Amino acid sequence: MAFKVTPYEVSGNVDYQKLIKEFGLKPLDSKTIEKLTKFTKETHFMLRRKIFIAHRDFNWILEEYKKGNKFFLYTGRGPSGNTHLGHLLPWIFTKWLYDKFKVDFWFQITDDEKFLFNPKLSLEDTNHFAHENALDIIALGFKPDRTKIVIDTECADIMYPLAIQVAKKVTFSVVKSVFGLQNDSNIGSIFYTSMQAVPAFMPSVLKGKVMPCLIPHGIDQDPHFRVTRDILPKLGYPKPASIQNVFFPSLTKSNKMSASMPETAVFTTDDPKTVKKKIGSALTGGRETLAEQKEKGGQPDICSVFKYYFFLFEMDDKKLEEQRQLCKKGKLMCGDCKAELINRINTFLESHQKKREEARKVLDEYLFKR
Ligand code: TRP
């Protein structure tokens, strides 16, 4: 079946192996993971489970680090709505790298992008969500002394001179072919990728010292960084390295969670009742009747509830495998499995939401300003 992945459209059943080839990424193999583990002393479950599946120049980042040349981390968020659990994947992984390597972290929030690309959102809307989404990143535990949050429209004075350096070297025909933009696309959207390139070298500019950059991100964002990697050496900066995660599954049939379809995802702002309702009606690999399920067993590999455990809510590999087997043997029923997941999600959200509210008071310490 045909599929399509760009930063602005994900459709069809994504074949990740094919996509890796198409994009020109390197599969994240065990050799690279071993190299990383030499520094981190443990392997993150998202690596073990191939939730992070590909990279560009990740080995180079490790080699530079070993030489004493510290990288900085960069990732971001397009504030089109509240944050959902899928957004947390690369952020949680980034937090792990941030703790292990003790490096700086830059987080870009692109209120300009979501305004330009979404006909329904005003700049007021996207700027509002920029501030809301910032709370989620702070709630994950990043510290203000090593973290800078860059909201595009609020840092334009610093970013614009850098963005135009990039823009001058990117042609309209490249933007058309990489992002699927057209002659009738608005000219802000055509310019936008140069804004997403900026945090990959802005820290170097500010420090007056060239530093390696590592970008953990959802695989759909790679087209932006292909362009960035093309241009930065022409400006005297190294190509940023990157590491890509697969999409977090939707609760319904489509294969990516979406902020524009609230029923497909759990948001960090959802209350316990909403979570119960969403998980309660999620697509499972269960059978028509209890009797049939006891006889034939469930199908965890096509079950969105099981995937929630896999992606975030059961970090113990052994326990996860036991759960898979119990389900397959017809010994674990969907109702029980859902009830337990609802519990785990609500426990997580209760604590996350508390930290989110506390973050409001300190947000200013994180926001980058000249
Ligand atoms: N374009 C991204 C989005 O729509 C936001 C973003 C900006 C980003 N810079 C990034 C994502 C760096 C990952 C890494 O969500």
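Along the sequence shown, residues carry numbers from 1. Only a predicted model underlies this, so the values are computations on that prediction, with no experimental measurement involved. Order of appearance sets the numbers: ligands from 1, and atoms from 1 within every ligand.
Taking the six-membered ring for Trp and thresholds of 30 and 60 degrees, H84 and H87 have nearly parallel ring planes, at less than 30 degrees apart. Using bins of under 30°, 30° to 60° and over 60° for the plane-to-plane angle, the ring pair F348/F313 lands in the perpendicular bin. Ring geometry, F71 versus Y65: the interplanar angle falls from 30° to 60°, so the pair is classed tilted.
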Return a table of N or O atom pairs, ligand 1 on one side and protein on the other, at distances under 3.5 Å, rounded to 0.1 Å.
from: ligand 1; atom 1: 1 (N); to: E113; atom 2: OE1; distance (Å): 2.9
from: ligand 1; atom 1: 1 (N); to: E113; atom 2: OE2; distance (Å): 3.1
from: ligand 1; atom 1: 1 (N); to: Q196; atom 2: OE1; distance (Å): 2.9
from: ligand 1; atom 1: 1 (N); to: Q221; atom 2: OE1; distance (Å): 2.9
from: ligand 1; atom 1: 4 (O); to: E113; atom 2: OE1; distance (Å): 3.3
from: ligand 1; atom 1: 4 (O); to: K114; atom 2: NZ; distance (Å): 3.0
from: ligand 1; atom 1: 9 (N); to: Y74; atom 2: OH; distance (Å): 3.0
from: ligand 1; atom 1: 9 (N); to: Q108; atom 2: OE1; distance (Å): 2.9
from: ligand 1; atom 1: 15 (O); to: G78; atom 2: N; distance (Å): 3.1

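Within a 6.0 Å sphere centred on OH of Y160, heavy atoms belonging to other residues, nucleotides or ligands number 12 at most.
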N/O donor to acceptor pairs below 3.5 angstrom from side-chain atoms of residues 201-219, sequence neighbours left out:
from: S204; atom 1: OG; to: K209; atom 2: O; distance (Å): 3.4
from: S204; atom 1: OG; to: M211; atom 2: N; distance (Å): 2.9
from: H217; atom 1: NE2; to: Q244; atom 2: NE2; distance (Å): 3.1

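Cation-pi geometry between K176 and F172 is met: under 6.0 angstrom from the ring centre, within 45 degrees of the axis.
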